[in-house]
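Inspection log for the structure reproduced underneath, given as structure tokens.
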Amino acid sequence: MIDKQYLIFDWYSENKRNLPWRSVKDPYYIWLSEIILQQTKVDQGLPYYLKFIKCYPNVKSLAAADLESVLKLWQGLGYYSRARNLHSAAKQVMTDFGGVFPDNYDSLLSLKGVGEYTAAAVSSFAYGEAKAVVDGNVFRVLSRLFKIATPINSTKGKKEFTILANEILDKSQPGEHNQAMMELGALVCKPKSPQCEICPVQGICLAFADKTQLDYPVKEKKLKVKVRHLNYLLFLDQNNNILIRKREGQGIWEGLYDFPCVETSESVDEVKEFEGVTLKNVFLDLEVKHILTHQKLMVKFWVHHKKDTPKTNGYMAIPIGDISNFPLPQLIVRYVNESSFFKR
DNA sequence: AACACGGGGCT
DNA sequence: AGCCCAGTGTT
């Protein structure tokens, strides 16, 4: 424990946000909140947490649900493997742990989608186990406090920061300590505009001492964004049926639904065939640029009117109005909301 | 060790 | 446009 650490506790008790998962001890709720909050801001995750605890009030109900229902509830939150793993882990709890949530760090680690961070969070919050969380906030706070320049996304950095975080962990109240460190990072020790003037540990911060806060944390690697050209085809027949497909295999949006798609290396002005079938009268309906973290999608939505929907393997015909019953990528949601073909 | 995996908000 | 977010799993 570092000297004057009580300053962080005092600040936390005065300034902490009132978040619903902070007022519960049930590991199921804490685990659920932690999965939702992975790589996700509180403001974005909060409504999903409320939806999930209402729809699935306990691990048993979540385990009994259809994966597709879980994905539908998760729609819009991104990183959909979290939803698949969430569902898988709930089943694990029922089968491997007799329906009782695992109560220690090592057992928690065996759950799908639970890594070192989440295992530390749940074990410390729910059970008071002395494990330090090391998330983006903690990396930033510690790197500035101690002026540690080891890249936080390197194996060496991850080890180093984990050791340090556990050294300064207040073993008498690990849950509160972890919450306080993260809250300080989220509200004060922010990435671009740290509020050092109101920081409770300004006086012991090595980076603040020489005004190098913005040099920390150090990160290596640059993100390379891949540009893709997608051409979605809306096959619309006389009965207002369309074709959709479930995205299988690994890749983006696994388990979600979208339309038949032709990917091209460059932007195209027409679509003449789909899976070996020649198409005539294909009209451009909408063109959008969709930005993801690691992909820039240049997307064209084309419409093809047909008497009957083609019977193509792997695709299913549904009434156009039923599209919203399926879990969809935000890109498709965007199209459904903007295209006149989906207006009732 | 490097990479894939969403979506939204802030600068 | 670039960066970041209560990270994890796969290769």
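Computed from heavy atoms alone, side chains included, the values below leave out hydrogens, waters and symmetry copies. Just so we're clear, the structure is a prediction, and the values are computed from it rather than from any experiment. Chain naming here is simple, since letters A, B, ... match the order of the sequence lines and numbering starts at 1 in each.
- With a 6.0 Å cutoff to the six-membered ring centre and a 45° limit on the axis angle, Lys211(A) counts as a cation-pi contact of Phe208(A).
- Among the protein residues, Gln330(A) comes within range of the sugar-phosphate backbone only, with heavy atoms under 4.0 Å from sugar or phosphate atoms but none that close to a base.
- Counting any heavy atom pair closer than 4.0 Å across all strands shown, Lys190(A) reaches no nucleic acid atom.
- Val114(A) comes within contact range of the sugar-phosphate backbone alone, with a heavy-atom separation under 4.0 Å but no base atom that close.
- The residue Glu254(A) sits apart from the nucleic acid: no heavy atom pair falls under 4.0 Å.
- If you check every strand for non-hydrogen atoms under 4.0 Å, Gly45(A) touches nothing.
- Using a 4.0 Å heavy-atom cutoff across all strands shown, Ser81(A) reaches no nucleic acid atom at all.
- Comparing Ser33(A) and Lys289(A) along DNA chain C, the residue whose closest nucleotide (by nearest heavy atom) sits nearer the 5' end is Lys289(A).
- Cation-pi check for Lys306(A) over Phe235(A) is not met; the charged atom does not lie both under 6.0 angstrom from the ring centroid and within 45 degrees of its normal.
- Counting distance only, with no hydrogens placed and no angle test, the side-chain atoms of Tyr79(A) and the base atoms of dG6(B) include a donor-acceptor pair under 3.5 Å.
- Taking CG of Asp170(A) as the reference point, atom CE of Met181(A) lies at 11.5 Å (rounded to 0.5 Å).
- Using a 4.0 Å heavy-atom cutoff across all strands shown, Lys41(A) reaches at least one base atom of the nucleic acid.
- Residue contacts shown for Ser193(A) are limited to sugar-phosphate atoms, with no base heavy atom under 4.0 Å away.
- At the heavy-atom level, Gly185(A) lies nowhere under 4.0 Å from the strands shown.
- Lys156(A) comes within 4.0 angstrom of no nucleic acid atom, judged by non-hydrogen atoms across all strands.
- Nucleic acid contact class of Gly115(A) (heavy atoms, under 4.0 Å, all strands): sugar-phosphate only.
- Residue whose closest nucleotide on DNA chain C sits further toward the 5' end, between Arg17(A) and Lys296(A): Lys296(A).
- The gap from the P atom of dC10(B) to that of dA6(C) amounts to 13 Å, rounded to the nearest Å.
- At a cut-off of 3.5 angstrom, counting only N and O atoms as typed in the model, there is a donor on one side and an acceptor on the other between the side-chain of Thr293(A) and the base of dG7(B).
- Separation of the P atoms belonging to dT11(C) and dG6(B) is 15 Å when rounded to the nearest angstrom.
- At a threshold of 4.0 angstrom between heavy atoms, the contacts of Trp21(A) include nucleobase atoms, whether or not backbone atoms are also involved.
- Arg22(A) comes within 4.0 angstrom of a nucleotide base, judged by non-hydrogen atoms across all strands.
- Counting non-hydrogen atoms under 4.0 angstrom, Ile36(A) reaches nothing in the nucleic acid.
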